[in-house]
Amino acid sequence: MGEVLLKTEKLNVHFSTPGGDVHAVKDLDFEVSAGETLGVVGESGSGKTVAMLGLMGLLADNGRASGRALFDGDDLLSMNAEKLRAIRGAGISMVFQDPMTALNPYLTIGKQMQMVLAQHRGLTGRDARDRCRELLEAVRITDAAERLANYPHELSGGMRQRVMIATALLCEPRLLIADEPTTALDVTVQAQILVLLDELREKFDTATLLITHDLGVVAGSCDRVLVMQNGEARDRGDIYKVFAAPEHDYTRRLLAAVPRLDSTSTRRAPGPSEPVLGVDDLSVSFRLPPQRWPGKSRRLRAVDGVSLELAPGETLGVVGESGCGKSTLARAILRLVEADGGSVSLLGREFLSLEKETLRDARRDLQVVFQDPLASLDPRLTVRDIVAEPLETFFADKPRDEITAQVEKIIRRVGLEPEHLRRYPHEFSGGQCQRIGIARALITEPKLVICDEPVSALDVSVQAQIVQLLTELQDELGIALVFIAHDLAVVRQISHRVLVMYLGRAVEVAGANRLVEHPVHPYTRALLASVPLPDPEQERARTHRPLQGDVPSPVDPPSGCAFRTRCEFAAEACAATRPPLEAFEQSLVACLRAAELPPTRA
C-alpha cells in the first residue's frame with residue numbers, strides 16, 4: 001500500500017423529502033491508500049452506496065453531500081461540475097451493482113466503451129476499438145473483437161459484469177469503486193470476478209473500494225474493512241483484526257448471522273414414511289421461434305428427466321447455477337408450467353393429470369414462497385386480505401371472524417403483530433414482506449411448501465431470521481420443504497438432503513453434510529470451491545481455481561455428460577454417453593468417472 005489516495009472528513013449526505021430531511025450518511029471518515037482494497041459492508045440502508053455516490057457527485061436531485069472528500073489532495077465536494085466530470089471515469093471509476101441497468105440497451109458494447117475513451121482520452125476510430133478489445137481480453141472475454149458488436153442483452157450476467165469492469169478500467173483510474181459487483185451473480189461467476197479484480201488491481205496498480213454485504217467476499221479480497229450501520233461507521237481496521245475481535249456489537253451480530261459452509265448441520269432427517277412428493281423422470285421444454293425465417297422452431301429443454309422423493313418433515317435443497325432449471329422444476333411440480341413428460345405424485349395421488357376443480361382443491365396441500373417478497377404480494381390488498389385469501393378460496397363457508405382469528409394466529413407465529421393486518425405491503429421491509437408471504441403459504445396448513453430463492457434478496461441478519469423461522473415452523477407443523485437457493489451455506493444449514501442440478505439434469509443427490517464434506521461430482525466440487533468463507537485466514541489459505549466458462553445453451557446442450565465442456569476430468573467416453581444418476585457410496589451421482597476421481601477432503 002502506498003500514499004493515501006482518497007480521504008473523507010465528516011462526509012454527510014442529506015435528502016430532502018416530503019416527510020422532511022433524511023440524514024443518510026453521518027460524519028463518515030475513511031481513507032483508501034494506493035494499491036489497497038477497502039471493503040465497505042453493512043445491511044441495506046446503511047449508507048454504503050449513498051456515501052460513494054455523494055463523493056462522486058452522482059446523488060439524485062434531492063440529495064446533497066457536505067464535508068470533505070480529498071482525492072489526490074483535491075476536494076471532490078467543492079469542485080465544479082466540469083472538473084468533477086473529468087475525474088469520473090479517468091481518476092475514479094465505478095462499477096455499478098446491476099450491469100443490465102447500468103449499460104445502455106440501445107448501444108453496442110463497443111460504442112459505449114468508445115464513448116469513455118473519446119471523453120477522457122480523445123481516442124476514436126481504430127485506436128479506440130483496439131483499446132476496447134484489449135480491455136475485454138484483459139477481463140477474459142473470449143472473441144473480444146466480435147463482442148464489441150453485441151448489445152448488452154446478448155451477453156450473460158457474468159459477461160455483462162466483465163464489460164462493466166473493462167469499461168471502468170479503460171482509462172486506468174487510480175481508484176475503482178465496485179458497488180456490489182457480484183451480488184446478482186452465481187457463486188461460480190462470483191469467484192471468477194473476484195479473482196479477476198485481484199489480478200487487475202496488480203496489473204493496473206488500482207486501489208479498490210469494494211461495497212458488499214457478503215462478509216465472505218470481504219474476508220478473501222480486502223486489506224481493510226469499514227462496517228456501516230444507519231449511515232455511521234461502526235467498526236474499521238485491518239481485515240484480520242475486525243473479523244477476529246470486532247469492537248462494535250453490530251459487527252459481532254453481523255458476523256454471527258453469516259451462514260458458514262464449514263459449519264456442520266445438526267438437523268436430523270425424519271424417519272421412514274410414505275413420501276409427500278414423488279417426482280419421476282420429469283421433463284419440461286419450451287418452444288422457441290426459428291433463428292431466421294423461414295426455419296424450424298427450436299426446443300429449450302429446461303428440465304430433463306429429474307426424479308426425487310420428499311418425506312414429511314424433510315427439507316430438500318435444490319442448488320445450481322442460473323439457468324440450470326431449479327425454478328422451472330418447482331413451477332412444473334406446482335403446475336404453473338406444463339410438463340412434457342414424467343409424473344408428479346402428491347400425497348400418493350397423480351398430480352399432473354388432475355382436472356381443474358380437483359387441481360384447485362389439491363393445491364391446498366401444496367403452497368409456495370416466491371423469491372421477491374414485495375412483488376409476490378398484491379399491493380392493493382391489506383395484509384389481512386393477503387393472508388386470508390387462501391382460506392377464503394378453500395373454505396368459502398367459514399365465517400369472516402374465524403378467518404380473521406386464524407390470520408392473527410399465523411401472523412403472530414411468523415413474528416408480526418395483529419396491528420400489521422391493516423397495513424399494505426409497501427409499508428413493510430423486505431424481511432417483513434417475506435414473513436407475510438410465509439404466513440400466506442402456511443395458513444391452509446399445507447403438507448408441502450416450495451421455497452423459490454426465499455432469502456436471496458434479504459440482508460444476512462434477516463436471512464438468518466427467515467431460515468430460523470422456516471426451521472421452527474417445519475419442526476412444529478411437520479411440513480415438507482423444497483428449498484431452492486444458490487447459497488450453498490444457507491442450503492446446508494436448512495436442508496436434510498441436497499439435489500444438485502446442471503443444465504436441467506440432476507447430477508448429485510446426498511445428505512447436506514455428506515455433500516459438503518465429500519462431494520463426488522466435479523460440478524458439485526466446483527460449486528463448493530467457489531463459496532467464500534467469512535474468515536480471512538481460512539479463506540486465504542485455500543487454493544482458488546474458479547470454474548471457467550458459462551453454462552452451455554439448453555437449446556443445444558453438449559452430447560453425453562452436459563458438464564463435460566467445463567470439466568477438468570472429462571474423457572472421450574463423457575461425450576458419447578449420458579451418465580445415469582446411480583448410487584455411489586452414500587450419494588447418487590451422474591458421472592461416468594466417479595470411481596476414478598481423486599478423493600475430497602472434509
| field | Reported SG-to-CG distance for the pair Cys451 and Leu481, which is rounded to 0.5 angstrom | value | 5.0 Å
| field | Sidechain N-carboxylate O distance under 4.0 Å for Lys326, Glu321 | value | no
| query | Crowded around Glu537 CD? As in, over 12 foreign heavy atoms under 6.0 Å? | reply | no
| message | I'd like to know if Arg542 pairs up with Glu539 as an ion pair, taking the criterion as any Lys NZ or Arg NE/NH1/NH2 lying under 4.0 Å from an Asp or Glu carboxylate oxygen. | response | yes
| For the ring pair His420 and Phe428, is the centre-to-centre distance below 6.0 Å? | yes
| Presence of salt bridge, Arg236 and Glu247, under 4.0 angstrom | no
| query | Looking at Glu314, Arg267, His496, which one forms a side chain to side chain donor-acceptor pair (under 3.5 Å) with Gln474? | reply | Arg267
| message | Looking at Asp304 and Arg578, is there a salt bridge between them, counting it only when a charged N and a carboxylate O are closer than 4.0 Å? | response | yes
| request: Please confirm whether the backbone N or O of Ala512 pairs with a side-chain atom of Arg497, one donor and one acceptor, at under 3.5 Å? | output: no
| said: Do Leu38 and Val225 make a side-chain contact, defined as non-hydrogen atoms from C-beta onward lying under 4.5 Å apart? | reply: no
| request: Kindly compute the distance separating CD1 (Ile177) from CG (Leu53), expressed to the nearest 0.5 Å. | output: 8.5 Å
| said: Has Asp459 got a side-chain atom pairing as donor or acceptor with Ser44's backbone, closer than 3.5 angstrom? | reply: yes
| message | Treating Arg440 as the side-chain partner and Val369 as the backbone partner, does any N or O pair qualify as donor plus acceptor under 3.5 Å? | response | no
| field | Heavy-atom donor-acceptor pair, Ser46 side chain to Glu43 backbone, under 3.5 Å | value | yes
| message | Is there a side chain to side chain contact (heavy atoms under 4.5 Å, CB included) between Phe483 and Val318? Walk through the geometry before answering. | response | CA-CA 6 Å; Phe483 191 88; Val318 182; over 6 Å; no
| Does a sphere of radius 6.0 Å around CD in Glu445 hold more than 12 heavy atoms from other residues, nucleotides or ligands, not counting ones at 6.0 Å or beyond? | no
| said: Heavy-atom count check: over 12 atoms from other residues, nucleotides or ligands less than 6.0 Å from Arg331 CZ? | reply: no
| said: Under a 4.0 Å threshold between the charged nitrogen and the carboxylate oxygen, would Arg224 count as salt-bridged to Asp238? | reply: no
| message | Let's go through Glu508 and Met501 carefully: what are the C-alpha distance in whole Å and the side-chain angles of both, what is the deciding distance for side chain to side chain contact (heavy atoms under 4.5 Å, CB included) to 0.1 Å, and is it a yes or a no? | response | CA-CA 7 Å; Glu508 187 163 357; Met501 291 186 67; over 6 Å; no
| remark: side chain to side chain donor-acceptor pair (under 3.5 Å) filter on Asp179, not counting sequence neighbours, yields Thr49
| Salt bridge present between Arg201 and Asp223 (N-O < 4.0 angstrom) | yes
